[in-house]
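First the structure, in the form of structure tokens, and then the observations on it.
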Amino acid sequence: MADPVSKREFADLYAATVRDILSYLRRRTDRDVEDLAGEVYVIAWRKRTAMPEADMRRAWLFGVARNLLRADRRQRDRDDTAIQDLTTHPGTRPERSAGATEDIVAEALARLSPDHREVLRLTAWEGLTPAELAVALSVRPGTARVRLHRARQALAADPQIRDLVDRRMQVLAAEAPD
Amino acid sequence: MGRTLWTDGHDRVLWEGAPEDRPTTTFDTEQIWHRIEAATVGNDQPRRRVRTGVGAVITAAVLGTSAVATAGFYSSRTGEGPIDAEDRRLGGPGERLDPAGDDYGLVVDDVTKDIPFPDAASRKIAIRNQVADAQGPAASGITSTGALRGWVADAAVCAWANQWAASTPDGNTADRAAAVEAIMAAPSWSAVFEIDPEPSNPMVTMDVSNADGTTTTERFRDPTQFYYLSQLGSAVQGRNESRVAELLAENNGYCRAGLVPDIPAANPFFVGR
């Protein structure tokens with residue numbers, strides 16, 4: 001059976017990861033993310049005998065946060081409150097000019113399947129490696145890599161993303177020294 | 001429509017497309033920490049699911065009692081197998097186990113006893129990892145003895161590969177020979193053979209739906225779970241440690257840090273790759 005994580009180790013884990021967990025939650029819900037983050041760590045503390053080895057704990061916490069958000073969404077659906085896809089950004093986004101990168105990316109992500117969307121955001125926004133992605137999603141590393149590959153292909157095939165990348169490459173080429 | 005390659009440009013625009021986030025202050029993190037402390041007061045010890053004492057746990061595990069065996073004790077053993085061929089294909093052969101059971105660690109230990117490890121310590125690590133995985137936050141619930149045995153066999157291969165890596169540069173021919181022999185024999189372990197009797201690496205065709213509504217037909221390799229063992233068996237007969245590590249990191253998934261201290265790159269989480 002796993003040795004429980006000590007209080008000292010848990011406090012260190014909290015200090016090292018809480019900012020990342022808060023960012024993850026803010027990008028996915030308009031709820032009180034401080035409350036949700038607190039719940040993530042309370043659950044983590046209660047499950048500390050099941051916690052994986054040190055190098056996998058950050059990814060494991062993303063898995064806890066992801067499950068908590070899903071449970072929260074199910075509860076909200078049941079309560080018939082405003083249903084907001086976990087994958088959509090909360091309504092606090094500031095006004096920006098049409099065609100801003102964030103809008104184009106958000107729209108393109110919204111056209112993907114929820115699974116593809118989450119895989120891309122966990123790797124690109126939260127910085128998870130494919131191996132960490134496997135822990136967060138509770139799948140084998142090979143499965144995580146295949147899912148990431150397919151999600152990337154789906155996003156790269158989006159016409160608006162193609163245009164955006166082409167324009168960005170043209171700008172970079174023009175700025176490059178001869 | 002042809003395949004669109006993923007480039008650094010895609011990584012860049014996806015990163016730049018992340019919603020803006022406000023900085024987290026020390027006040028924020030301290031407030032959350034206070035909430036956590038308040039919620040966990042009196043919960044310094046991990047919650048114990050076992051309520052009837054060790055004797056009862058061991059008895060139930062030995063007897064293979066299903067469901068609620070004695071007052072307050074819940075066994076991982078369900079006594080049920082796959083309901084049809086599809087269930088067997090997806091979930092693996094053998095009895096269905098519930099990782100939420102009080103005796104899950106004992107059951108994992110019991111049903112994997114025949115899988116050879118180089119030593120008791122590595123076996124203990126593998127069992128502990130299985131229990132942690134199955135009871136983790138994203139665990140998917142019921143598992144099968146067949147699937148479980150396959151994962152533990154993967155871990156055993158990691159442990160033997162570690163012995164190979166430790167003994168090869170040391171000139172410890174006996175340990176190296178034992179490791180090579182074990183890895184070569186792994187395809188015939190019953191835990192492996194039960195779920196992958198004919199390892200292969202077929203080319204398969206799949207239709208992929210694109211974002212613009214078109215469909216692309218793609219062809220790719222789809223190796224069976226233990227196909228990599230034949231490549232690993234060839235690799236350990238040489239001395240190319242990086243090749244052995246690469247095969248394990250790509251195909252195994254259970255070479256956790258504690259199992260492969262002498263060949264750390266076999267761990268898919270190894271940072272220095």
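The structure displayed is predicted, hence computed values, not measured ones. Here is the naming used below: chain letters follow the sequence lines, and residue numbers restart at 1 for every chain.
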- prompt: Salt bridge check: are A:Glu34 and B:Arg35 linked by an N-O gap of less than 4.0 Å?
  reply: no
- prompt: Is the shortest side-chain N to carboxylate O distance from A:Arg140 to B:Asp154 below 4.0 Å?
  reply: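 Yes, A:Arg140 and B:Asp154 are salt-bridged.
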[X] versus chain B, the contacting section by heavy-atom distance below 4.5 Å:
X        : value
A:Asp166 : neither
A:Ala11  : both
A:Leu68  : neither
A:Ser23  : both

Which distance, rounded to the nearest 0.5 Å, do you find between the [atom1] of [X] and the [atom2] of [Y]?
X       : Y       : atom1 : atom2 : answer
B:Ile36 : A:Phe10 : CD1   : CZ    : 5.5 Å
B:Thr29 : A:Ile21 : OG1   : CD1   : 13.5 Å
B:Thr26 : A:Arg19 : OG1   : CZ    : 5.0 Å

Return the minimal non-hydrogen interatomic distance between [X] and [Y], and the atom names on each side.
X        : Y        : result
B:Ala18  : A:Glu102 : O-OE1, 3.9 Å
A:Ala124 : B:Leu14  : CB-CD2, 3.4 Å
A:Ala156 : B:Trp6   : CB-CE3, 4.0 Å
B:Gly258 : A:Glu53  : N-OE1, 3.5 Å
B:Pro268 : A:Ala131 : O-CB, 3.1 Å
B:Ala257 : A:Asp55  : CB-OD2, 4.3 Å

Are the side chains of [Y] and [X] in contact, using a 4.5 Å heavy-atom criterion?
X       : Y        : value
B:His10 : A:Arg152 : no
A:Asp35 : B:Ile32  : no
A:Val18 : B:Trp33  : no

- request: For atom CZ of B:Arg12, decide whether the heavy atoms of other residues, nucleotides or ligands shown that lie under 6.0 angstrom number more than 12.
  value: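 Counting other residues, nucleotides and ligands, CZ of B:Arg12 stays at 12 neighbours or fewer.
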message: Taking atom CG as the centre, does B:Asp8 end up with more than 12 heavy-atom neighbours from other residues, nucleotides or ligands that are less than 6.0 angstrom away?
response: no
message: Taking side chain as everything from C-beta outward and backbone as N, CA, C, O, which of these in B:Asn251 sits under 4.5 Å from a heavy atom of chain A? Side chain, backbone, both or neither.
response: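 Only the backbone of B:Asn251 comes within 4.5 Å of chain A.
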- prompt: Between B:Thr24 and A:Arg26, does any side-chain donor sit less than 3.5 Å from a side-chain acceptor?
  reply: yes
- prompt: In this structure, which one of A:Leu155, A:Ile104, A:Leu164 forms a side chain to side chain contact (heavy atoms under 4.5 Å, CB included) with B:Val13?
  reply: A:Leu164
